[in-house]
Structures are given as C-alpha cells and as structure tokens.
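Below: one structure, written as structure tokens.
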Amino acid sequence: MTTDDSTDASDDAPTTSTPADAADEQFRPADRYEVDHLVPEAKAASDGARVRMAGRVMLFRKMGGIAFGQLQDRSGERIQFSLRKNELGADVFKAWAASIAMGDFVGIDGAMWTTDKGEHTVGVDALTVLNKAVRPMPDKWAGVHDTDLRYRKRYLDLLANDDSRARFLTRSRTISHIRRYLDDLDFVEVETPILQAAAAGAAAKPFSTHHNALDRDFYLRISPETYLKRAVAGGLDRVYEIGRNFRNEGIDSSHLQEFTMLEWYAAYWDYRDNMRVVRELIQSTLEAVTGSRTVTIDGVDLDFDGDWPELDFRTEVAERTGIDLRALREVDALRDAVKAAGLLSDDEAASQVSYAGLVDLLYKRTVRPHLIQPCFIVHQPTELVPLARRNDDDPSVLDMFQVVVNTWEIVKAYSELVDPVDQRARLEEQVALRAQGDEDTMMLEEDFLECMEHGMPPMSGLGLGIDRFVALLTGAPTLRDVVLFPTLREAPGS
RNA sequence: GCCCUCGUAGCCAAGCGGUCAAGGCAGCGGACUUUUAAUCCGAAGAUCGUGGGUUCGAAUCCCACCGGGGGCACCA
C-alpha cells in the first residue's frame, strides 16, 4: 500500500488502516501483515531504505511533535521507530500517537533515518495497530522477578527477561543440533506410544489413566525403551526418539514429573561405542550452542574437553564408604553393613526392600554428590537394571555407564540384554520384588519378551535427559527454568 | 509428608506494634518536535495471600490454610 515515493510527502495524509479512534470504538484485531525486515536487518539498512516490520511495542514515549517507540520482533532485538508531526500532519500524528501503547502489536512501514543522538530509527509513515494489549506490560525497568509469576505466566517472563528468552532459544538449538547429529549418523527418528499397558523400561512410579472407548487402564510411559527395541528388532537398526516421559514422583530442582528424554538404540554397538558417541555429541553440542567446551555453574568451571575419567561403580562406593559390593551380594547383609557403618539412617535403610534399591540409594548418597567434573561411572551391579547386558568377564556387573556432571546424572546407557531366556528370568525377579512391596520395579511385558524371542540384534541404547542437559548448558539452577510451562500446584483462587 | 522462608495495587517496592499503608513504573488527563527507564504538572488506583486469634491498637505478633522458593524424605 505504500510506495517509495510517498516517503517525502509530508503534506499528504499517509495511507493507513489505523483505527483513529481506537479508544472510543471497539477495537478489532487486524489480520495478517506482510513483513520484509527483521530488526537486525533494518538496523543494518542505510538511511532512506524502506522497511516494513511487525512486532510488539516495548516502549513508547510522546513529546509534543515527535514520538518514539521500540518495536521487538522474533529476533528478540528491538528497534526504535518514530512518528513525526511535521511529516504526518497534526491530526494523523495525534491519532496515531494516541492509538499505540506498550504491549500492543503494530505493523510499521517507513524509511530509515538517524536521529541527532545517532540512533538508527524507522520513520513511520504507515502504521497499523494489529492488536491491543488490554492488560499492562510488566514493569519496563524492574521486569518480573517473582518466581511464581515467572513460571505461571511465562509469556511475561519471556517478554521481560532476556535471559529467559535466551535460555529457551538455547534449548531449541540444542535439540536441533542433536537431531542433526544423529541424523548424520544414519539414525531414524521414530515415535512410540505414550499410553502404555505396562510401564516398562525404567524403575519408577507411573501415572495412570483410563481409555474410555477401550474401557482399559493405561499408564503414561516412564520410558520408551522397550518400544524402541521392538523397532530395532523390526530392522530399524538405528533409532532415536526425543519425547516426554512421565514419572509420578517428587519435584525438586533436578526432577520433574514430566521431562524430555533423548533415547537412541543402535544395533551392533556396545556401551563402549555409546560412551564415545555421547561424549562427542555433548562436546559438539556445547561448541555449537555455547561456542566453548567449558560451562560455568555457580563459579565452578565444568570442563567437557578431551576424554572424561572413567570410574568403576563398585570401586567408587568402596572408596567412599568402605563397603565392598563385590562381597555383599544380598540385600539383608548389605543393609546390616550400611547401618553398621552409619551411612544411612535406619528409616532410609529400611525403605529399600531390594538390593538394587539399596545399592542405588547408597551410591546416590555417598558417591554422586562428589562427582562434579564430567565423568563416566561404569559397571553397575547387575541387579540395578533388568534390561541391561551382563559383562562377559564379570556377570555380577553390567556393561553399563552413566555420565554424571555437577552431581547430576545426565546420561544412562548400556549394552542391551537381547537374550530372551535371561530377560524373562530377570523380569520375573522384578515381578517377585513387586510382590514383596517394591513399587519401583519393572513390569513384565509379554509382548516385549515375545519380540525378543523372535530375535534381536545385539545393540546398545542410551538415554540423555534433555532438560538437565539444557539446564547445564544455560547455567540454570533448576529444571523449571528450562521448561516453558512447568507443572505447578493449582494457583490460589482457581 | 516434614522443616525453614517468602506473599504489600497490573509490575517493582518501603514499612517489621501506634495517626489517612512511602515511592517508582505502567494506566488516565495535561505540557513538550530528537527521546533512550525522556522530563514536568495533575487526578486516581491496595480485601497489606485467605481465615481465625492476641492487643486499647496489627501489614507488622501467634495459629491454621492457600501459593512460591530452599532443604529433608521419596524419586532419575
């Protein structure tokens, strides 16, 4: 609607679709708006260049015959725009200046010019108010600090706090980089069921729900593992999935009940292959997203460069506690030893009915809190994961590793158990433990066992907690800061 | 579930037993043609999270509840 030669037509009334009396009449939102410049592009354009842009008004100030505002678009950057009385005419200037407020969405069309103070500015000669904000913006200087508000009304947090916006962009870039990396390794991205008849693939308490048409209860998946293995059995040798898992457990800074997990499975790989690939993936992602292989959190530099130390699970436990898991292979004996050493309280020790649970708790309590720099912790006792392959030289441990950084476990991976006889036996142990009251056991899926009986290639799988990884990359102290809309209690009054 | 802590207008925020609960931003009215959190003038906006209690008197002290944060417990 605006042409180049209308720019200097200071005495003509500019063409416009602006509702001049927005305050009086009922405002009706506009429809689409054609844009040809983003903020950084407009900033780079020379004086006199025509630009057509749309975005949110982040600042607006009027002073008699000129008004300045700042427009922010999806680039996240802001550009100044101006309305000038001597170019627009008194009536149009007055009407337009009155029709804009902070928080509104506007389309602007005009020519670039530079103010006396040297700021590159869009001299608006056609203004379209695209939509009004009825509620006020957060304080333009103080922003939004209340954490409750930041989580519940994330859109305000995103508008007011640049670091919040940056964090979610980092999250997005991280995930795209991971996709590209795996695609280049010839992986296929797949999607597997979230509604599952048996919550399998991990030791965790599931959410349950009900399917009306089938009149059948389902669990929300706690892990995609057994479905991804079915896909590999079907000939999709390298598969990955990035998706949500659900675990009906407590919330804290490193746990969410709904979290995003990357899982992949590669036929003919073992856990050693995965150690190499995941280290390279993490290093490459760090470089792509942050430009460095070092991350600083709470003043501590975490150095991801080079090889990472490899720590033996049982050796670490022994060094920290004096307890020899190689000798103590049975739950009651271990519990007595732990209690005797004063490592866990009676309640804590009693809370774990299984050997796996007790070993895991012991490790989390005594070893993991000391693991700050990126490291692999390898060869967990066999009982810990019923889906993992035993080590050939020492069947009491698994061909397994975890990556721990800053006391957070961000990766767990192992060579997969593909022997249907061993698998059935180990899942039956889980069923027995559940019968003894251990809720955190794996459910037995007959269909999965049947799949394995049809034959599965040797493979190794890996899980990486995306939320934790992104929190690490962005220095966020809690997972809630890297999830746009975290689950919270019901807001008061609702 | 337990412990600690916080909750004052749309936002930021002072007040921590004593007159009508500061101030700023945003919004509203006005002035101003080069601002950069523009400035100036004016008017307005608050069940002080909710409900009880103590006190002559409560935003301020106590109890309960709701919500946030941190810690513990549970748990990837």
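Hydrogens, waters and symmetry mates play no part in the numbers below; they use all other heavy atoms, side chains included. Keep in mind that what you see is a predicted model, and the values were worked out from it rather than measured. The chains referred to below are lettered A, B, ... by the order of the sequence lines, with proteins before strands, and numbering in each begins at 1.
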Would you compute the distance between atom [atom1] of [X] and atom [atom2] of [Y] and round it to the nearest 0.5 angstrom?
X	Y	atom1	atom2	answer
A:I194	A:F218	CD1	CZ	13.0 Å
A:L472	A:W408	CG	CH2	7.0 Å
A:L325	A:E316	CG	CD	12.0 Å

Side-chain polar contacts of residues 371-384 of chain A - donor-acceptor pairs under 3.5 angstrom, sequence neighbours left out - could you list them?
| residue | atom | partner | partner atom | Å |
| --- | --- | --- | --- | --- |
| A:Q373 | OE1 | A:D303 | N | 2.9 |
| A:Q373 | NE2 | A:D301 | O | 2.7 |
| A:H379 | NE2 | A:Y271 | OH | 2.8 |
| A:Q380 | NE2 | A:I377 | O | 3.1 |
| A:Q380 | NE2 | A:Q402 | OE1 | 2.5 |
| A:T382 | OG1 | A:P395 | O | 2.7 |
| A:T382 | OG1 | A:S396 | O | 2.8 |
| A:T382 | OG1 | A:V397 | N | 3.2 |
| A:E383 | OE2 | A:R329 | NH2 | 3.3 |

Scan nucleotides 1-4 of chain B against the protein and return all N/O pairs shorter than 3.5 Å with their distances rounded to 0.1 Å.
none

I'd like to know if A:D481 pairs up with A:R150 as an ion pair, taking the criterion as any Lys NZ or Arg NE/NH1/NH2 lying under 4.0 Å from an Asp or Glu carboxylate oxygen.
yes

Taking the [atom1] atom of each, how far is [N] from [M], in whole Å?
N	M	atom1	answer
B:A43	B:G24	P	13 Å
B:C2	B:G18	P	34 Å
B:C4	B:U19	P	31 Å
B:G10	B:C28	C1'	14 Å
B:C48	B:G30	P	34 Å
B:A59	B:G17	C1'	11 Å
B:A9	B:U36	C1'	28 Å
B:G29	B:G45	C1'	15 Å

Checking contacts here: which listed nucleotide ([options]) is nearest the side-chain heavy atoms of [X]?
X	options	result
A:P136	B:G70, B:U36, B:A26	B:A26
A:D116	B:U34, B:U36, B:A26	B:U34
A:T478	B:U36, B:G70, B:C11	B:G70
A:W113	B:G68, B:U34, B:G71	B:U34
A:R365	B:C74, B:U36, B:C11	B:C74

Under the side chain to side chain contact (heavy atoms under 4.5 Å, CB included) criterion, do A:V367 and A:E319 qualify, and how do the steps go?
CA-CA 9 Å; A:V367 177; A:E319 283 180 3; over 6 Å; no

Report yes if the side chains of [X] and [Y] come closer than 4.5 Å at any heavy-atom pair, otherwise no.
X	Y	answer
A:V405	A:V295	no
A:S460	A:R272	no
A:V122	A:H37	no

For RNA chain B, which residues of residues 57-70 of chain A approach it to below 4.0 angstrom with any heavy atom?
A:L59, A:R61, A:K62, A:M63, A:G64, A:G65, A:I66, A:F68

Taking any heavy-atom pair under 4.0 Å as a contact, classify [X]: base, sugar-phosphate, or nothing.
X	result
A:K205	sugar-phosphate
A:Q402	base
A:R150	nothing
A:R480	sugar-phosphate

Measure the distance from [atom1] on [X] to [atom2] on [N] and round it to the nearest whole Å.
X	N	atom1	atom2	value
A:K43	B:U36	NZ	C1'	12 Å
A:H255	B:G71	NE2	P	11 Å
A:L256	B:C74	CG	C1'	16 Å
A:D157	B:G68	CG	C1'	14 Å
A:D104	B:G27	CG	P	10 Å
A:M102	B:C28	CE	P	11 Å
A:K364	B:C72	NZ	C1'	16 Å
A:R56	B:A26	CZ	C1'	14 Å

Short side-chain to backbone donor-acceptor contact, A:D73 and A:V39, under 3.5 Å:
yes

Contact nearer the 5' end of RNA chain B, comparing A:L156 with A:S253:
A:L156

For A:E41, what residues pass the salt bridge (Lys or Arg N to Asp or Glu O under 4.0 Å) criterion, not counting sequence neighbours?
none

Of all the base pairs, Watson-Crick or G-U under 3.5 Å, which form stems of three or more consecutive pairs involving RNA chain B?
B:1-7 with B:66-72, B:10-12 with B:23-25, B:28-31 with B:39-42, B:49-53 with B:61-65

Taking atom types as modelled and ignoring hydrogens, do the side chains of A:T315 and A:D312 form a donor-acceptor contact shorter than 3.5 angstrom?
yes

Exercise: do A:S208 and A:D217 side chains pair donor with acceptor under 3.5 Å
no

With sequence neighbours excluded, what pairs up with A:Y363 under the ring pair (Phe, Tyr, Trp, His ring centres under 6.0 Å) test?
A:F313

Side-chain N or O of A:R135 less than 4.0 angstrom from OP1 or OP2 on B:G27?
no

